[in-house]
Structures are given as structure tokens and as C-alpha cells.
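All remarks here apply to the structure that follows.
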Amino acid sequence: MRFSGYASVSAIITMQTFTNKAGSVIVDKLILVIQENKQYLSDIDGLTGDGDHGINMNKGFTMCREELDKNPGDLSYSLKVLAKILIMKIGGSMGPLYGKFFKAIGTALEGKEEIGITEMGEALKAAVNSIASISPAKVGDKTLIDTLVPAQAAYERAQVEGKTLSEALEAMKIAAAKGRDSTKDMVAKLGRASRLGERSRGVLDAGATSCCLILHVIADAGKDILY
Amino acid sequence: MRFSGYASVSAIITMQTFTNKAGSVIVDKLILVIQENKQYLSDIDGLTGDGDHGINMNKGFTMCREELDKNPGDLSYSLKVLAKILIMKIGGSMGPLYGKFFKAIGTALEGKEEIGITEMGEALKAAVNSIASISPAKVGDKTLIDTLVPAQAAYERAQVEGKTLSEALEAMKIAAAKGRDSTKDMVAKLGRASRLGERSRGVLDAGATSCCLILHVIADAGKDILY
Amino acid sequence: MQKFINDPSKVVDEMLEAYIKVHADLVSPTENERVIKYKYAPVEGKVGIVTGGGSGHKPAFIGYVGRNMVDAVACGEIFSSPPAQMFLDAIKVADAGKGVAILYGNYAGDNMNVAMAMEEAEEEGIQVKKVVANDDVPSAPKGEEASRRGVAGEILMWKVGGAKAAMGGSLDNVIEVAQKAVNNTRSMGIGLSPCTIPEVGHPNFTIENGKMEVGIGHHGEPGIEVVDLEPSAKVAERICNVILPDLPFNSGDEVVALISGLGSTPLMEQYIVYNDVEKILTEKGIKIYHSYVGNYFTSLEMAGITCTLMKLDDELKKCIDFECDSVGMRQFQRL
Amino acid sequence: MQKFINDPSKVVDEMLEAYIKVHADLVSPTENERVIKYKYAPVEGKVGIVTGGGSGHKPAFIGYVGRNMVDAVACGEIFSSPPAQMFLDAIKVADAGKGVAILYGNYAGDNMNVAMAMEEAEEEGIQVKKVVANDDVPSAPKGEEASRRGVAGEILMWKVGGAKAAMGGSLDNVIEVAQKAVNNTRSMGIGLSPCTIPEVGHPNFTIENGKMEVGIGHHGEPGIEVVDLEPSAKVAERICNVILPDLPFNSGDEVVALISGLGSTPLMEQYIVYNDVEKILTEKGIKIYHSYVGNYFTSLEMAGITCTLMKLDDELKKCIDFECDSVGMRQFQRL
Ligand SMILES: Nc1ncnc2c1ncn2[C@@H]1O[C@H](COP(=O)(O)OP(=O)(O)O)[C@@H](O)[C@H]1O
Ligand SMILES: Nc1ncnc2c1ncn2[C@@H]1O[C@H](COP(=O)(O)OP(=O)(O)O)[C@@H](O)[C@H]1O
Ligand SMILES: [Mg+2]
Ligand SMILES: [Mg+2]
Ligand SMILES: [Mg+2]
Ligand SMILES: [Mg+2]
């Protein structure tokens with residue numbers, strides 16, 4: 001919904017939205033943040049995994065950049081382009097996991113001209129469920145789930161508490177960072193890092209780190225275009 | 001020839017012989033010395049080679065022991081049994097090299113009832129030539145040739161100088177030991193040890209060591225049965 | 001890293017470039033450069049057989065593409081599942097209209113990517129069914145078979161499925177016999193040294209000298225325990241103690257035995273382990289009907305072996321005896 | 001020593017015990033437990049093909065025993081020539097009255113032991129002739145070809161000689177074509193890591209990390225130089241620079257190319273080296289008629305490869321195309 005003219009502050013606040021069209025900038029910034037953090041993510045993965053997480057992510061996101069340069073579109077479209085590339089071209093576990101993640105968000109937002117706290121909330125919930133449908137990973141396994149699940153929960157809590165989209169996104173950011181950091185003390189139970197057992201303790205999980213970057217960009221770029 | 005009755009001392013000395021029959025004890029003692037030195041020879045080989053020289057030699061000589069226990073015979077026969085086993089059963093380079101060596105000696109002594117300085121001289125020469133016919137090794141290559149060639153040369157020199165068999169065998173022993181020791185400062189040019197290049201310097205050659213043991217037994221056991 | 005490579009990120013591409021040159025009699029490239037097909041695929045009137053997985057397991061997976069074997073393969077990066085598109089393209093080039101059986105190993109990435117490819121393929125009107133090998137006993141306890149990994153048993157699944165398809169079996173026939181092969185197959189691996197992924201540049205884990213990792217996975221996944229290195233006879237006993245009761249294999253059973261090296265374990269040692277396993281089986285009245293010993297499914301240059309047994313019935317025997325021609329397995333018809 | 005063995009002094013015996021069980025379709029034991037023969041040898045009306053050498057080179061030598069290949073093999077201790085008796089017994093079981101071609105590699109021990117076996121065989125009325133492979137270019141300079149070692153080129157000699165005998169060739173025909181194969185063949189090895197003989201228990205030499213040994217022999221014999229490890233493309237160039245001018249191989253020539261791993265070098269890397277060699281040959285107008293890539297002739301678990309080229313004429317092509325069935329080389333008739 002668009003609001004013309006004046007409205008009460010609280011009304012404006014609870015009605016915070018951004019347009020699906022303007023939202024495409026979120027994907028632009030997601031691509032940038034992955035490209036910029038390619039080395040960092042690989043380095044983290046190198047401590048417990050095979051050191052290619054940044055490479056894998058960068059490959060998919062950069063392919064998406066090329067596709068969007070040729071055929072740009074709104075947020076839901078761009079997310080679905082990203083998802084399709086991750087699913088169809090990247091492989092490994094990362095391709096399908098983040099592919100499902102972005103596909104769920106893109107699908108949830110599809111057809112919505114305006115994206116407010118409810119739309120975003122549904123999208124995040126769909127993303128969590130979609131990943132859960134293909135991965136058995138649970139909180140505590142030292143994966144991206146440790147970032148994603150508490151972040152979505154924090155958003156939902158804010159939403160239930162009647163917070164604004166801005167506030168909910170902010171709550172999500174904080175929880176995502178906390179979730180990411182929580183992986184530091186965990187022993188990996190899934191993926192390559194599980195090989196290390198106790199030795200995987202003491203370093204961040206690469207997927208949890210990239211997931212935190214992604215959620216922060218969604219929050220920050222989203223907030224930037226709120227009106 | 002047998003001499004009955006008295007003869008001048010010098011005549012007795014130049015006529016020193018032992019019988020082919022009594023000579024079989026030489027092979028008995030060769031077998032013993034190899035069995036006793038099995039570990040020592042392998043240890044030396046282990047420093048520059050693959051540590052199996054004693055094992056290889058012991059295998060052949062012990063098989064010979066078993067065969068001679070069943071079918072004993074005189075020296076030339078026993079040497080040919082040893083040679084046949086080395087050639088037919090041992091393999092590697094050692095089998096044919098020592099096989100040829102003992103076969104040449106055995107063949108040279110065949111049919112000789114009495115073995116004197118001439119017979120032994122011919123046998124040793126045949127042994128050197130026989131090995132040369134199958135191996136390109138030369139003095140200085142750090143092999144058994146470094147023991148055998150100077151030892152045979154010393155014997156021949158003594159023979160030419162009119163020395164007794166006892167004296168010639170003694171000269172052979174000294175030259176064999178010197179030859180063996182000379183390998184210590186050599187760099188191996190043949191066989192596995194050549195792999196080490198300069199690092200093969202500083203240790204004895206295993207084959208030169210076993211060859212020295214063998215020549216010493218031939219000399220000592222031969223002298224014991226002289227009359 | 002003592003390796004013959006150029007660009008570490010190009011190892012799979014360069015390998016494939018060479019592979020299609022060396023084996024041009026047998027395989028062809030496809031539009032998707034990571035999908036290699038049997039030269040005569042799709043084979044008219046035959047169910048297509050597809051597999052795929054991460055690279056680094058040579059001759060698996062590509063080495064089993066050929067006559068009466070696999071029709072198309074999706075080749076991922078080293079130890080990394082191929083994306084759904086690759087599986088999809090492999091399905092497409094293998095399909096001759098009789099449907100496609102996708103026979104692969106139980107790994108999270110492969111499960112996800114295959115599932116997505118199957119959805120797409122069905123949308124495009126291709127009938128696809130799957131069998132997921134889960135032969136690696138130590139990777140999950142009895143009762144949780146579904147979460148076990150697939151290891152060298154996959155090869156027997158391909159052999160059997162490939163033969164059934166070549167004999168004219170329907171998609172359901174092929175799926176059924178391949179699933180039977182998997183159900184009747186149990187494996188276990190023992191690791192003696194790690195391997196190095198070229199792009200990573202250092203070993204993926206460590207095994208102390210004098211130790212062995214019991215139950216190791218094909219990518220160095222941890223086993224059930226690390227123990228002192230044992231003589232081959234003890235290793236064979238240890239393996240048999242785990243895999244025989246699991247199926248169970250009983251006296252009177254006939255089996256295929258497959259000992260595969262993991263990369264750097266010499267064939268000689270593989271035969272020695274076979275020798276010890278054979279003795280135990282013979283003692284227990286289990287008869288080896290056919291056996292394979294060699295580097296059938298490797299993990300780059302890991303030292304170690306896997307031991308796989310498949311219990312046979314008449315149908316499986318016929319499939320095992322069937323002639324096939326692939327780089328990894330080449331058999332004249334057994335008479 | 002991370003090995004699956006029992007008694008280190010029994011490795012060859014245990015391996016053979018397993019081998020004849022696993023490959024009972026193809027090979028049989030003989031009265032000499034170190035001599036293994038093709039199941040149907042002596043083959044009526046066919047010249048017998050014999051080889052032999054030290055063990056530890058699997059699938060060589062025993063792996064090339066089979067149909068249209070080698071009829072009998074003498075298996076020595078690890079890296080140690082079999083005694084004359086073994087060669088003699090192999091000659092005897094291979095002889096069907098048409099004579100025996102003994103085709104082996106140029107090593108001091110083998111030369112001595114074969115020579116003695118041949119003498120004995122002739123005394124027993126068996127006609128025996130030999131061809132000695134000396135394909136390893138770096139082992140002696142041009143002009144001293146006769147003292148070069150035999151390496152993986154031996155396999156092509158067996159393939160060609162085995163095919164000729166199976167086609168009905170006389171002993172002279174077989175010897176002539178096997179000698180032609182040898183004369184037209186050049187090889188070179190590059191070593192990246194040593195190996196450990198079980199009875200010795202420690203590596204037989206060392207190669208520093210980041211270095212490679214150029215021209216290494218099949219038992220770790222020193223090469224011509226130790227240089228910094230190079231990318232595969234440079235390695236291929238280095239090999240071609242040595243072996244191409246030696247024959248020489250010229251533009252317009254057709255060749256067999258054989259890349260063999262030395263033990264622990266993954267197949268992937270072998271294909272990558274092949275890819276680079278193929279590019280150089282193509283550039284120079286040399287056409288690869290047929291190629292082999294794999295662990296065809298190893299040195300226990302050494303890391304490294306050998307590259308072998310054989311220049312072809314019509315007769316050699318026919319022999320290469322000929323069907324054969326052995327563990328190390330199994331080919332359907334090439335049409
Ligand atoms: N089954 C899984 N479910 C959820 N996340 C997973 C799973 N397996 C791995 N991950 C995540 O993937 C990250 C590693 O990704 P990446 O390095 O790109 O893949 P790979 O492990 O194949 O090299 C891990 O840090 C972890 O967060
Ligand atoms: N071609 C050769 N000619 C003469 N002697 C040789 C030759 N090759 C090796 N040797 C000798 O053999 C000895 C090693 O014998 P051994 O250990 O039994 O055999 P291997 O080297 O096969 O293990 C060396 O010390 C050397 O004296
Ligand atoms: Mg990876
Ligand atoms: Mg990774
Ligand atoms: Mg030796
Ligand atoms: Mg030795």
C-alpha cells in the first residue's frame with residue numbers, strides 16, 4: 001500500500017515498507033558483500049574445512065551479477081535469479097542450501113509490490129523452513145543454521161511484539177551476529193569440519209559467517225530504502 | 001700327485017696340496033660363516049642398500065647345507081651344488097654373481113684329486129673371469145669386485161714369485177681385506193647404493209664384505225687341510 | 001604438494017579434456033562440459049543410467065561410463081557435489097524415452113542436487129527414478145541405514161543396474177535390481193594416510209604413523225575409531241566383524257567381494273587384504289562368486305582400502321556376469 | 001610404514017595366493033609357486049610369451065598374463081630379479097612346441113638370470129629367444145641405448161608380442177615385432193616421492209617437498225637431475241624435449257601414448273599430464289593413434305609418472321588393436 005499525505009508517526013512506523021522494485025538494490029549489495037568477502041570466507045573455511053567457501057559463494061553471486069546486468073528486475077525476481085543460479089550451477093551443499101533460501105524469499109515476495117514487516121516475516125519463515133526441508137542441520141551443529149534460525153526468531157519476536165520493520169531487522173542483525181559468534185565455541189557436527197571433532201572448536205563456522213553477512217545486508221539495504 | 005717317503009723341505013713346501021675330497025670342509029665352513037654373519041651383512045647393506053644381503057646369502061647357503069646333508073661330495077661337487085642353488089634359486093644379482101663364482105671354481109677343480117697352488121690359481125682366475133663375463137663392475141665401483149680382483153691378483157703374484165700355496169692364500173687374505181676396506185671411501189657406482197651418490201661414501205660395501213669373508217674361509221679352511 | 005597439475009582450480013576440466021581424448025572410443029563430451037556420456041547414449045530402447053558426484057574418486061564416477069554400464073555422468077568439483085543442472089543435463093543425454101535411473105551415493109549435497117534435478121526433469125517430461133547407495137556400515141549404526149554414506153558399493157549398483165538396463169529391463173526393473181544390489185551390499189573403509197585437494201594445498205586431515213582410521217569415509221570423513229596399525233589379517237577380521245553381522249552374511253551365501261584401494265595403497269597390499277578376507281569368508285562358509293581387487297573407487301592419494309561384499313541371488317549373478325566395457329570395469333561375458 | 005601386510009618377507013607369496021583366487025578365470029598356479037601362467041597355456045600352436053622381474057610393479061608383471069598377452073610370468077621378490085629357475089619354469093609352462101619369446105626389461109639381475117634360464121631351456125630342447133626392453137631414455141645417453149633400463153615400454157612390447165603370437169606368428173615373427181616395438185619406443189619418468197619396501201621398512205630414498213626427480217627409474221634409480229616441481233605443462237614439455245628427438249618422433253608419425261602412474265599419483269593427475277603431452281604432440285604434427293592412461297607399471301607407492309611413446313607402422317597398429325584379456329590390459333577388438 002502507498003500512503004499519500006500525512007500520517008501519525010506510529011502509523012508511518014508500523015507501515016514501514018519498501019517496494020519490490022527498489023528492493024532489487026538488496027541483491028546488488030548482497031553480490032557486492034560476497035565479492036568483497038570472498039577471501040575472508042575462504043580463510044575461515046580453511047581453518048576447519050577445505051577453504052573454498054568464499055570461492056563457491058563468489059562464483060554463484062558473480063554469475064548472478066552478470067545475469068542481472070543483462071536482465072534486471074525487482075527484488076523477488078532478482079532473488080529468484082540468484083536462487084536459480086545457486087541451485088543449477090553451484091552444486092555442493094552451498095548451492096542448494098542458499099539456493100533454497102533465496103528461492104523461498106523470492107517466492108514469498110513475488111507479486112508483492114510493497115514489502116513490509118509481515119511480508120518480510122513470511123519470507124524469512126519460508127526461508128528457514130525451506131532449508132530445513134533439505135538439511136537435517138540443527139542449531140548447535142556449527143552451520144549457517146546457527147545464524148539463520150535465531151535471526152529469524154528474533155525478527156519474529158520483534159514482529160509479535162509490534163515492533164517496526166526497522167526494529168525487527170535490527171533485532172535480526174543482532175541475533176544473526178550472536179548466532180554467528182556462537183559457532184565459535186561449537187564442535188562441528190556436519191560437513192567437512194566435523195572431521196576435526198574437538199579441534200573444530202575455537203573458530204567461526206564459514207557458512208554461519210556468510211549467512212550473517214547476508215542477513216546484515218538484507219537488513220541494512222532494506223532499511224535504507226524504507227519510506 | 002702323492003709323495004711317499006721323505007723329500008726336501010722346499011720340495012714339500014712347493015708341493016703343498018689338499019685333496020678334493022677333504023676340501024668339502026671348505027664349503028661346510030663357507031655355509032657356517034654366511035649363516036653366522038647373516039645379520040652383520042644385512043646391517044651393512046642396510047646402510048646404503050636395502051638391508052637384505054645377509055638374508056639373500058643365508059637363504060642360498062642354507063639351502064646348500066640341506067642339499068649337501070642329503071647328498072654330500074667332494075669340494076668341486078659341493079661348490080657346484082652351491083653354485084646351482086645360487087643360480088637357480090636365489091635370483092637378484094647375488095644369485096648369478098656368486099653362482100658363477102662358485103661354479104667357475106668348482107668346474108676348474110673338477111676331476112682334480114689334489115689341489116695345489118696351480119689348481120687353485122686357475123680356479124680363482126676362472127672365478128674372476130666368470131663374474132666379469134656377466135657383470136660390468138670394475139674395481140672402484142664399490143662392489144664385491146673390489147675385494148675379489150685384488151685378492152686374486154695377490155694370489156697370482158705370490159704364485160709367480162714362487163711362493164707356497166699357504167703363502168699365496170695368506171697374500172690373498174690380506175689383499176681381500178684391504179680390498180674390502182677400500183670400498184669404505186668409495187662412492188657406489190652400481191646397484192642400489194648408487195642411488196645415494198656421495199652419501200654412499202664412508203661405509204663398507206656389503207658384497208665386498210661377504211666376498212672377503214668367503215675368500216678368508218677358502219684360505220683358512222684350505223690351509224687347515226694342507227699336508 | 002607433490003602433484004602434477006597446472007591451475008589447481010582447473011584440475012577437473014583438464015582431466016575431462018584429456019579423458020574424452022583418451023577414451024574417444026567409449027565416451028563423448030556433451031553440451032555441458034561437466035557431463036560426459038557413453039558414446040552411443042542415448043541407447044535406443046534402453047533405460048538410461050546416470051550417476052554423478054564430486055571428482056577425485058577416479059575411476060569413479062566417470063570411469064564407469066560405457067557399454068552396458070553408466071550412460072552419463074555429472075562431474076562435480078573435487079569432493080563436491082555437482083549442481084542440479086549437471087545432473088539434469090546428464091539425465092537428458094541419457095534418456096532414450098524409456099526413462100532414466102539415477103544411481104548415486106548418499107551425501108547431503110548429492111541428495112539435494114539430485115532431488116532438484118529430478119524435479120526439473122519431470123517437469124520436462126522425463127521419467128526419472130533414483131537409487132541411493134548407503135553401503136558404508138561404519139557411517140551410521142544399524143537401524144539408521146538410511147543415513148549411511150555410499151562408498152565402493154556404488155560400483156556394484158552401477159554394474160548391476162547397467163546390466164539390467166542393457167538386458168532390456170524397464171525403468172522399474174532397473175530400479176528394483178539396483179536397489180536390491182544396494183540392500184545386499186555392505187562396505188567398510190580403513191584409512192592409513194590423508195590426501196590433499198589441489199585447491200587447498202595441504203592434507204585434509206592427519207593419521208599418525210603407526211595408526212589406522214577404522215571406518216574412514218571416501219573424503220576422509222572420520223571413522224569409528226583410530227587404533228594402532230594392525231597386520232592385514234587383523235584388519236580383515238575387523239572388517240568382517242563389522243560388515244558380516246550387519247546384513248547379515250550367512251554360511252551358504254554367495255557374494256561378490258570388492259577390495260578397492262583408496263589411492264596410494266599398492267595393489268599388492270590390496271591382494272594381501274583380499275587373501276585374508278577370503279580366508280575368513282571361506283571359514284564361515286561364505287562363497288566368493290566373483291571378486292574385484294584394485295583402485296575402483298579412490299580418494300585422491302589417500303592410503304587405505306575399502307572392503308565391499310554383496311550377497312547374490314540368481315538375478316544379481318546374471319548382472320555381474322554380463323559383459324561390460326568401461327574404463328573402470330571391463331569384462332568379457334562370463335560363460 | 002603405513003601398509004596392509006602380515007609378514008614382510010611373505011608379501012609376494014600372499015599376493016600371489018590371492019591373485020590366483022581372484023583371477024581364477026584367467027590365470028593358474030604352476031608347480032613353481034612363483035610362476036603363474038595363463039589358464040589355457042601352453043596354447044596349442046602358439047608361440048609362448050614369457051616375462052618376469054622383481055615384484056612391486058603391479059599390475060606388472062603378473063597383470064599382463066592372459067589371453068593374447070603373456071603366457072607365463074616369473075615373480076621375483078620385491079624389486080629383485082627372479083632366479084634362473086623361475087624363468088626356466090615359466091619358459092617350460094609357456095612352451096607349446098612352437099618356441100618361447102622371453103620379453104623382459106634391461107636390468108643386470110634379469111639379464112643374468114634370463115641368460116642362465118635360456119641356456120638350460122635350450123639344453124632341454126626348448127627354442128627360446130629374447131627381446132630386452134630398453135625404453136628409458138634418461139638412463140643412458142644416445143649411443144649407449146643398449147645399457148638403458150626398460151620401463152613402462154615393456155607393456156607395449158608384451159601387447160604387441162602377445163598379439164603377434166595369438167595371430168599365429170612364428171617365434172621369429174614374434175621376436176621381430178617385439179623388437180620393433182622396443183626399437184620404436186621411448187620413455188621417461190618423473191618422481192615426486194619415494195616408496196618403502198616392506199622388508200626394509202623405510203623409504204628407499206628421499207625427494208624434498210617442492211622438488212621432482214627427472215628421469216627416475218622404476219626402483220627409484222636416480223634420474224638425470226632434481227629440479228623444482230613444475231606445472232604439468234612444463235613437465236610434459238621436459239619429457240617431450242628428451243624423448244621426441246631421441247627416436248626421433250617426427251611430424252606425420254602415429255604413436256601409442258602411455259602415461260603410467262608410479263603408484264600414488266592419482267589418475268586425475270595422470271590425465272592432466274596426458275593432456276599436456278597430447279597438446280605438444282598435436283602441435284608437432286604427431287598423431288596419437290591409441291593411448292593408455294593409468295597405473296600400468298608402478299613402483300609400490302612412489303608418486304610420479306612415466307610417459308612412453310611408441311611409433312607405429314601398420315603391423316604394430318594391428319597388434320595394438322588386437323583383442324586381449326588380462327588384468328592390467330583388457331581390450332575388446334578395435335574395429
Ligand atoms: N548439511 C548442511 N546443512 C547446513 N549447512 C551445511 C551443511 N553442510 C555444510 N554446511 C555449511 O556449509 C559451510 C561450508 O560451505 P562450503 O565451504 O561452501 O562447502 P564445502 O563444505 O562443500 O566446501 C559450512 O561452514 C556449514 O556452515
Ligand atoms: N652388477 C653388479 N656387479 C657386481 N656386484 C654387484 C652388482 N650389483 C650389486 N652388486 C653387489 O651386490 C651387493 C648387494 O647384494 P644384495 O643386497 O644381496 O642384493 P640387492 O642389491 O639386490 O639387494 C652390493 O653390495 C654389491 O657388492
Ligand atoms: Mg568444497
Ligand atoms: Mg568448503
Ligand atoms: Mg634386495
Ligand atoms: Mg640388498
Side-chain angles (χ1 to χ4, degrees), chain C residues 1-7 11-12 14-19 21-22 25 55-56 58-59 63 78 190 192-193 195 207 209-210 212 229 231-233 235 257 263-276 278 288 291-295 298 300-301 303 305 325 327 330-332 334, chain D residues 1-7 11-12 14-19 21-22 25 55-56 58-59 63 78 190 192-193 195 207 209-210 212 229 231-233 235 257 263-276 278 288 291-295 298 300-301 303 305 325 327 330-332 334:
Chain C
M1 185 172 55
Q2 295 296 80
K3 285 184 182 291
F4 296 109
I5 55 169
N6 295 300
D7 180 344
V11 289
V12 177
E14 291 183 20
M15 178 271 285
L16 290 176
E17 199 180 317
Y19 196 90
K21 285 186 278 200
V22 172
D25 289 4
S55 295
K58 275 223 150 352
I78 302 290
I190 306 275
L192 298 189
S193 84
C195 60
I207 296 180
N209 226 356
M212 62 185 205
L229 181 59
S232 166
V235 170
S264 65
T265 287
L267 266 179
M268 187 178 68
E269 297 175 37
Q270 299 173 34
Y271 279 101
I272 291 173
V273 173
Y274 176 89
N275 203 38
D276 292 317
E278 192 267 351
I288 298 183
S291 46
Y292 300 95
V293 177
N295 287 338
T298 63
L300 294 172
E301 71 281 5
I305 50 112
D325 188 10
V327 172
R330 194 165 269 146
Q331 277 177 222
F332 287 89
R334 179 163 155 162
Chain D
M1 186 172 55
Q2 296 294 82
K3 286 184 183 291
F4 296 108
I5 55 170
N6 295 300
D7 180 344
V11 289
V12 177
E14 292 184 18
M15 178 270 286
L16 290 177
E17 198 181 319
Y19 196 91
K21 285 185 277 199
V22 173
D25 288 5
S55 295
K58 275 222 149 346
I78 301 291
I190 306 275
L192 298 190
S193 86
C195 59
I207 296 179
N209 225 355
M212 63 187 203
L229 181 59
S232 166
V235 170
S264 65
T265 287
L267 266 178
M268 188 177 69
E269 296 175 38
Q270 300 174 34
Y271 279 100
I272 291 174
V273 173
Y274 176 88
N275 203 36
D276 291 318
E278 192 267 352
I288 299 183
S291 45
Y292 301 95
V293 178
N295 287 340
T298 63
L300 294 173
E301 72 282 3
I305 50 113
D325 188 10
V327 173
R330 193 164 270 147
Q331 275 177 223
F332 288 90
R334 179 161 153 164

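A, B, ... follow the sequence lines: proteins, then strands. Residue 1 opens every chain. Hydrogens, waters and symmetry mates are skipped; everything else that's a heavy atom, side chains included, is used. Quick caveat: nothing in here was measured; it's all calculated off a predicted structure.
Of all the listed residues (D:Val11, D:Val12, D:Asp7), the one sharing the greatest number of non-hydrogen pairs under 4.5 Å with chain C is D:Val11. Counting heavy-atom pairs under 4.5 Å between each of C:Arg334, C:Arg330, C:Glu14 and chain D puts C:Arg330 at the top. Per-residue heavy-atom pair counts under 4.5 Å with chain D were compared for C:Ala303, C:Pro266, C:Ser193, and the maximum is reached by C:Pro266. Options C:Glu278, C:Lys3, C:Met212, C:Met1 differ in how many heavy-atom pairs under 4.5 Å they form with chain D, and the most are formed by C:Lys3.
For D:Thr265, the part sitting under 4.5 Å from any heavy atom of chain C is the side chain, from C-beta outward, and nothing else. At a 4.5 Å heavy-atom cutoff, D:Ile288 makes no contact with chain C through either its backbone or its side chain. Contacts of D:Val22 with chain C are made by both backbone and side-chain atoms, with heavy-atom separations under 4.5 Å. Proximity to chain D involves both the backbone and the side chain of C:Asp325, based on heavy atoms less than 4.5 angstrom apart. For C:Leu16, no part sits under 4.5 Å from any heavy atom of chain D, backbone or side chain. In this structure, the portion of D:Gln331 lying under 4.5 Å from any heavy atom of chain C is its backbone and not its side chain.
Judged by distance alone, with hydrogens and angles left aside, the side-chain atoms of D:Gln2 form a donor-acceptor pair with the main-chain N or O of C:Leu192 at under 3.5 Å. Remark: side-chain polar atoms of D:Glu269 are paired, donor with acceptor, to backbone N or O of C:Phe4 under 3.5 angstrom.
Considering every non-hydrogen atom in both C:Met268 and D:Lys58, the closest pair reads N-CD, 3.9 Å. When all heavy atoms of D:Ser264 and C:Glu301 are compared, the closest pair comes out as O-CB, 3.2 Å.
For the atom pair OG of C:Ser55 and CG of D:Leu267, the computed distance is 12.0 Å after rounding to the nearest 0.5 Å.
Using a 4.5 Å heavy-atom cutoff, the side chains of C:Pro231 and D:Ile5 are not in contact. Contact of the C:Glu17 side chain with the D:Tyr271 side chain is not registered, since no non-hydrogen atoms from C-beta on lie closer than 4.5 Å. Using a 4.5 Å cut-off on side-chain heavy atoms (C-beta onward), C:Phe332 and D:Phe332 make contact.
Side chains of D:Asn6 and C:Asp276: a donor on one and an acceptor on the other come within 3.5 Å.
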